[in-house]
Amino acid sequence: YPLADVLNPQGYAVRQLSFGGCDPSFGAGTGSACEAWTSEVVDYLKQHPEVGTVVVAYRLHSHLYGGHVDAYPAQPDIVDARTRERRWQAYVRLIEVLASAGKRVIVLEQVPEVRRRVHDLIFTAADPAAPIVSVSRAWWDERRAYLQQHRGELPASVLQIDPTGLFCDQQNCHASEGGVAWYFDHNHLSAAGAHRLSTLVADCAQARGFLPGTVAPQPGRCDAGAR
């Protein structure tokens, strides 16, 4: 809904279709509830041409390698290679089908995770008003290495947005700054963090011609610059 708060004043309607915790499974043949739901969503979008732009967002790295909290500062690796490849191919397939259906597809990459629940970090911080480190930048870059290596498999017609620069500098990623928490647990953004991310998505979509009704979209990358 924060994206609607940003785009509604500009005259754009936003429709949210979400299934919490759902792994990429479109066309994977697993028979899972996630696969059935995703297929229904794709059919729905194909039947509604008024939906011109689709933002695809997953907690992708968790689905490819597993949750991070129990592993940090090590990297989790509890998803077997076969499942990881199946999920990645389902992710690519979903994006390809939406793009082939004439949608302007924005691939929103996962925001950095937090090593522990943010309230634990705040209550144990020496100065809660100071920036609180969520994870090291080196850890986060290693966490998302699979995507970095395989992003070229995504259709050339999509817009890829990497929000890392909103929350990370060259040394660390941050869970809060200036007394404002960007997260409300170890991976979900707070209202403030979600507004920050939504503003980036809206700005990128507008600058690159990916909002409905605009002409000549410019696909590629539109990343948040490192702070």
Side-chain angles (χ1 to χ4, degrees), residues 1-64 67 83 86-111 113 147 151 153-155 157-163 166 182-185 187-206 208-214 217 219 222:
Y1 295 109
L3 185 58
D5 292 338
V6 174
L7 288 176
N8 283 169
Q10 301 178 36
Y12 295 102
V14 175
R15 190 168 300 166
Q16 179 173 326
L17 304 170
S18 58
F19 188 152
C22 214
D23 61 285
S25 54
F26 180 66
T30 62
S32 69
C34 284
E35 182 176 3
W37 178 84
T38 307
S39 294
E40 291 176 5
V41 167
V42 170
D43 289 343
Y44 171 86
L45 293 171
K46 287 180 176 180
Q47 295 165 12
H48 288 78
E50 73 277 11
V51 181
T53 299
V54 178
V55 179
V56 177
Y58 280 91
R59 191 183 171 199
L60 184 63
H61 311 311
S62 180
H63 294 306
L64 295 180
T83 300
R86 186 189 72 229
R87 289 175 175 174
W88 171 255
Q89 291 302 325
Y91 181 73
V92 174
R93 187 181 303 116
L94 170 63
I95 294 166
E96 288 176 339
V97 168
L98 292 172
S100 296
K103 306 299 182 182
R104 299 183 183 192
V105 181
I106 297 174
V107 179
L108 178 58
E109 298 174 18
Q110 181 183 332
V111 297
E113 293 157 318
L147 173 61
R151 66 167 66 255
E153 298 171 23
L154 298 175
S157 62
V158 307
L159 178 62
Q160 301 180 46
I161 300 178
D162 178 4
L166 285 181
W182 301 129
Y183 298 77
F184 74 79
D185 59 12
N187 70 94
H188 293 95
L189 293 175
S190 65
H195 179 80
R196 198 180 199 197
L197 179 64
S198 297
T199 300
L200 172 67
V201 173
D203 288 349
C204 284
Q206 185 171 43
R208 302 298 288 270
F210 268 73
L211 291 175
T214 56
C222 183

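No experiment lies behind these values; they were computed from the predicted model shown.
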**Message:** If I take atom CZ from residue Phe19 and atom OH from residue Tyr58, how far apart are they, to the nearest 0.5 angstrom?
**Reply:** 10.5 Å
**Item:** Worked check of side-chain contact (heavy atoms from CB on, under 4.5 Å) between Ile161 and Ile106
**Value:** CA-CA 7 Å; Ile161 300 178; Ile106 297 174; 3.6 Å; yes
**Prompt:** For Glu153, does the CD atom have more than 12 heavy-atom neighbours from other residues, nucleotides or ligands under 6.0 Å away?
**Reply:** yes
**Full working for side-chain contact (heavy atoms from CB on, under 4.5 Å) between Val107 and Ile95** = CA-CA 8 Å; Val107 179; Ile95 294 166; 3.7 Å; yes
**Message:** Would you compute the distance between atom OG1 of Thr53 and atom CG of Leu98 and round it to the nearest 0.5 angstrom?
**Reply:** 11.5 Å
**Asked** Side chain of Asn8, backbone of Tyr12: donor and acceptor closer than 3.5 Å?
**Response** yes
**Prompt:** Looking only at atom types and distance, does a side-chain atom of His63 sit under 3.5 Å from a main-chain N or O of Cys22, one as donor and one as acceptor?
**Reply:** yes
**Prompt:** Tell me, do Trp88 and Thr83 make a side-chain contact under 4.5 Å, heavy atoms counted?
**Reply:** no
**Prompt:** Is there side-chain contact between His61 and Leu147, with at least one heavy-atom pair below 4.5 Å?
**Reply:** yes
**Item:** Closest contact, heavy atoms only, Cys204 versus Leu159
**Value:** O-CD2, 4.0 Å
**Prompt:** So, does Ser62 use its side chain to make a donor-acceptor pair with the main chain of Arg59 at under 3.5 Å?
**Reply:** no
**Message:** Taking the side chain as everything from C-beta on, heavy atoms only, tell me whether Asp185 gets closer than 4.5 Å to His188.
**Reply:** yes
**Asked** What heavy-atom pair brings Val6 and Ala202 nearest, and what distance separates the two atoms?
**Response** CG1-CB, 3.5 Å
**Prompt:** When rounded to the nearest 0.5 angstrom, what is the spacing between CZ in Phe26 and OG1 in Thr38?
**Reply:** 8.0 Å
**Request:** Of all the heavy-atom pairs spanning Lys46 and Ala101, show the shortest one and how long it is.
**Result:** CG-CB, 4.1 Å
**Prompt:** Looking at Arg104 and Phe210, what are the two nearest heavy atoms and their distance?
**Reply:** CB-CD2, 3.6 Å
**Min side-chain heavy-atom separation Trp182-His195 under 4.5 Å** = no
**Asked** Any chance the side chains of Arg86 and Ser25 put a donor and an acceptor closer than 3.5 Å?
**Response** no
**Non-hydrogen side-chain atoms of Val105 and Pro155 separated by less than 4.5 Å** = no
**Request:** Would you check if Tyr91 and Asp23 make a side-chain contact, meaning some heavy-atom pair closer than 4.5 Å?
**Result:** no
**Message:** Can you confirm whether Val56 sits close enough to Leu94 that some side-chain heavy atom of one is under 4.5 Å from a side-chain heavy atom of the other?
**Reply:** yes
**Prompt:** Any sub-3.5 Å donor-acceptor pair from Gln206's side-chain atoms to Leu211's backbone N or O?
**Reply:** no
**Prompt:** Between Val92 and Leu154, is any pair of side-chain heavy atoms under 4.5 Å apart?
**Reply:** yes
**Message:** Minimum heavy-atom separation for Thr214 and Gly209, please, with both atom names.
**Reply:** OG1-O, 3.0 Å
**Asked** Okay, side chain of Glu113, backbone of Asn187: is any donor-acceptor separation there less than 3.5 Å?
**Response** no
**Asked** What is the distance from atom CG of Asp162 to atom CG of Leu108, rounded to the nearest 0.5 Å?
**Response** 9.0 Å
**Request:** Check for a donor-acceptor pair, side chain of Gln160 on one end and backbone N or O of Cys222 on the other, with a separation under 3.5 Å.
**Result:** no
**Message:** Please check: side-chain N/O of Arg87 versus main-chain N/O of Leu64, any donor-acceptor pairing under 3.5 Å?
**Reply:** no
**Complete:** Shortest non-hydrogen pair, Val51 vs Arg15, comes out as CG2-NH1, 4.0 Å
